[in-house]
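Reading through the structure tokens given below for one structure.
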Number of protein chains: 2
Amino acid sequence: MTVTSVHDPSHREALWELEDAFERGDLVSLFGRCTVAYEGRAASDLGAGDRLLVLKPDGAALVHTDEGRQPVNWQPPGSEHHAAVREGRLRVRSTRNSPDETLTVRFSDVHQLSAMAVTGGRDLTLHGSEEDLRTRILERPDLVEQGFEPRETERPSSAGPMDIFGADADGTPVVVELKRRRVGPDAVGQLARYVRALREELGIEDPAEGGEAGPKRTDSPDVRGILVAPSVTDRAAERLADRGFDHVALDPTPEE
Amino acid sequence: MTVTSVHDPSHREALWELEDAFERGDLVSLFGRCTVAYEGRAASDLGAGDRLLVLKPDGAALVHTDEGRQPVNWQPPGSEHHAAVREGRLRVRSTRNSPDETLTVRFSDVHQLSAMAVTGGRDLTLHGSEEDLRTRILERPDLVEQGFEPRETERPSSAGPMDIFGADADGTPVVVELKRRRVGPDAVGQLARYVRALREELGIEDPAEGGEAGPKRTDSPDVRGILVAPSVTDRAAERLADRGFDHVALDPTPEE
DNA sequence: CAATACATTTCGCTC
DNA sequence: GAGCGAAGTGTATTG
């Protein structure tokens, strides 16, 4: 529970505190005026300004301005922090390999530096995820459709694992794709890949080919695709119709 | 440049400092032992532990543990921060509407609170984005293919805007999809949507239909699809081949 | 406001 | 490590 805190330190003082904090494995919060340079997957430069630098013992580094949920610059976990005084400025550098990337923060002024050992309590319980939606359906398959019978989750296919594989009341194979929120055309493409893969696997001809123009065919065994999501965009609905797939409106958690 | 900083404040003191900081529009950094509850697009609970809470004047709130680039909990910009002392604890709550969401952080102990006015210097210059890749191609179209001629960027279609629309040496229409890094099957699906939309628009029959089995047809005007990306996954390459599309290996920035 | 696609996405899981 | 897909994704842009 030891918190280190220095106000308007000299660069030397800040350097000592930083090195001690790295040594102890502390979480560091540093206010100051700085420039930021990044080079790696991309490259960026940020002119002088007041910012908050957060340094984590796992190697993550975050540069925050007064706006936005996202840091303006950062370095992912697994990096290594190094501090030094160069050309009269405090330089904090985080580096990692594969991919090679470097974040360099140069402080002309350090206003405030705090560091604390942070332990325990990372056990977040989250509700309303796609997994919750799956659980809900497995407990009550009729929410998808009368007579729907789930057979397998994460069923492998040549196009990747499908969320739920099952059969409808007629025994026709059904691929169910789950989304926890409103979806666009990309989700339909995903479902289409799984359905296509399953058709191929089962030796079922694609109904879009075969006939010369008929957009749908119902007179032969087929594979059905069902997209379960709270709602879909217009373009997604079009593409669902094109493919002959169904949409079932369902939330990950029952609405109150 | 005024930095406020209090060490091990009482809840009352912390509350005053927080309210002043909100008033001034400061960026706040707060170390302490807390529980976190979120309710909105999903719902989550986090047990007691030491964490760093960052509060921004634009309404963003970030709860950081000692690990990860991502905050363990957060609230997006546009929220409103409120602080109070309830049941012997300092409660910080950030709320926003549409969607309705609330983040509640309850501190049993506040170890360190700092706040600073943070201004200016949000002008980040970034290189290596998809836009850089586009610029590079427009300056040297032959990087895509000998004789390639770009005609339009962000060309509208019923499936959305395509990155580059142009023509090859034979005058055949070409849709180019750009990706700044290695891509999977999703990017092929995106390209396919644009090509399909353009074929429909130009009244060109899809070569996959029409013939009974021939996977490709080269004896009639068609629309070509080219995926420009540093590299593609195997599955993406398969799907490219299925569709008769090409891949051109190109980075957003020239490699040194 | 909805819709769409990019992002230094990050993250977790499987192979 | 690569590949694949989810995420309370965030973010900008366009209609």
Side-chain angles (χ1 to χ4, degrees), chain A residues 38-44 60-63 67-79 96-103 124 126-134 154 156-157 159-163 177-187 190 193-194 231-236 252-253, chain B residues 38-44 60 62 67-78 96 98-103 124 126-134 154 156-157 159-163 177-187 190 193-194 231-236 252-253:
Chain A
Y38 161 75
E39 174 114 30
R41 286 169 289 176
S44 73
L62 312 168
V63 180
E67 286 187 349
R69 212 221 60 146
Q70 298 294 113
V72 63
N73 271 123
W74 70 93
Q75 192 73 349
S79 311
R96 75 159 179 169
N97 310 312
S98 66
D100 279 4
E101 335 183 66
T102 303
L103 180 75
L124 183 80
L126 181 72
H127 310 281
S129 63
E130 183 179 299
E131 191 182 338
D132 290 313
L133 179 55
R134 182 176 60 198
E154 303 296 322
S157 82
M162 43 194 79
D163 286 339
E177 173 65 26
L178 306 175
K179 293 293 169 190
R180 65 171 301 281
R181 62 174 207 173
R182 183 175 177 83
V183 296
D186 51 335
Q190 208 179 326
R193 294 211 304 276
Y194 298 142
S231 60
V232 302
T233 67
D234 287 352
R235 272 227 267 269
T253 51
Chain B
Y38 161 77
E39 175 113 29
R41 288 170 289 176
S44 73
L62 312 169
E67 287 186 348
R69 216 229 44 153
Q70 297 296 115
V72 63
N73 270 123
W74 71 93
Q75 194 71 346
R96 74 160 181 168
S98 63
D100 279 4
E101 6 182 38
T102 304
L103 180 75
L124 183 79
L126 181 71
H127 310 281
S129 62
E130 184 177 298
E131 191 181 338
D132 290 312
L133 179 56
R134 181 175 61 196
E154 304 296 322
S157 82
M162 43 194 79
D163 286 338
E177 173 65 25
L178 306 175
K179 292 295 168 190
R180 63 173 301 281
R181 62 173 210 172
R182 183 175 177 82
V183 295
D186 50 334
Q190 209 180 324
R193 294 211 304 277
Y194 298 141
S231 60
V232 302
T233 69
D234 287 352
R235 271 225 270 267
T253 52

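Every chain is numbered from 1 and lettered A, B, ... according to where its sequence line falls, protein lines coming before strand lines.
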Got a minute to check which stems DNA chain C is part of, using Watson-Crick or G-U wobble pairs under 3.5 Å, three or more consecutive?
->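 In DNA chain C, stems of three or more pairs: C:1-7 with D:9-15, C:9-15 with D:1-7.
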d([atom1], [X]; [atom2], [N]) in whole Å:
X	N	atom1	atom2	result
B/Leu178	C/dA5	CG	P	14 Å
B/Asp163	C/dA7	CG	C1'	14 Å
B/Leu124	C/dA7	CG	P	13 Å
B/Arg193	C/dA3	CZ	C1'	12 Å
A/Asp186	C/dC6	CG	P	11 Å

For nucleotides 11-15 of chain C, which of its nitrogen or oxygen atoms have a protein nitrogen or oxygen under 3.5 Å away, and what is each distance?
residue, atom, partner, partner atom, Å
C/dC11, OP1, B/Arg69, N, 2.8
C/dC11, OP1, B/Gln70, N, 3.0

Taking only residues two or more places apart in sequence or in another chain, which ones pass salt bridge (charged side-chain N to carboxylate O under 4.0 Å, His left out) with A/Arg181?
->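 A/Arg181 satisfies salt bridge (charged side-chain N to carboxylate O under 4.0 Å, His left out) with no residue once adjacent residues are dropped.
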Could I get the full list of salt bridge (charged side-chain N to carboxylate O under 4.0 Å, His left out) partners for B/Arg235, not counting sequence neighbours?
->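 Salt bridge (charged side-chain N to carboxylate O under 4.0 Å, His left out) list for B/Arg235, sorted by chain: empty.
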Contact boundaries of DNA chain D with chain B (under 4.0 Å, heavy atoms), 5' to 3'?
->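 Going 5' to 3' along DNA chain D, contacts run D/dG3 to D/dT11.
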Taking for B/Arg180 and for A/Arg235 the nucleotide of DNA chain C with the nearest heavy atom, the one nearer the 5' end belongs to A/Arg235
When A/Arg182 and B/Glu131 are each assigned the nearest nucleotide of DNA chain C, the 5'-most assignment goes to A/Arg182
According to side chain to side chain donor-acceptor pair (under 3.5 Å), who are the partners of [X], at least two apart in sequence or on a separate chain?
X	answer
B/Thr233	none
A/Ser231	A/Arg182
A/Glu131	none
A/Asp186	none

For B/Val183 and A/Leu126, take the nucleotide of DNA chain D holding the closest heavy atom to each; which residue's nucleotide lies nearer the 5' end?
-> B/Val183
Mapping A/Gly160 and B/Asn73 to their closest nucleotides on DNA chain D, which lands nearer the 5' end?
->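 The 5'-side residue here is A/Gly160.
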By side-chain contact (heavy atoms from CB on, under 4.5 Å), which residues pair with [X], not counting sequence neighbours?
X	value
B/Pro156	B/Glu152
B/Thr253	none
A/Ala159	A/Ser157, A/Arg193, A/Tyr194, A/Ala197

Enter the distance from A/Met162:CE to A/Glu177:CD here, rounded to the nearest 0.5 Å.
->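 It is 10.0 Å, given to the nearest 0.5 Å.
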Using a cut-off of strictly less than 4.0 Å, decide whether [X] has a side-chain nitrogen or oxygen near OP1 or OP2 of [N].
X	N	value
B/Ser98	C/dC1	yes
B/Tyr194	C/dA5	yes
B/Arg181	C/dT8	no

Check every strand shown and say whether [X] touches a base, only sugar-phosphate, or nothing at a heavy-atom separation below 4.0 Å.
X	answer
B/Ala187	nothing
B/Glu177	sugar-phosphate
A/Glu101	base

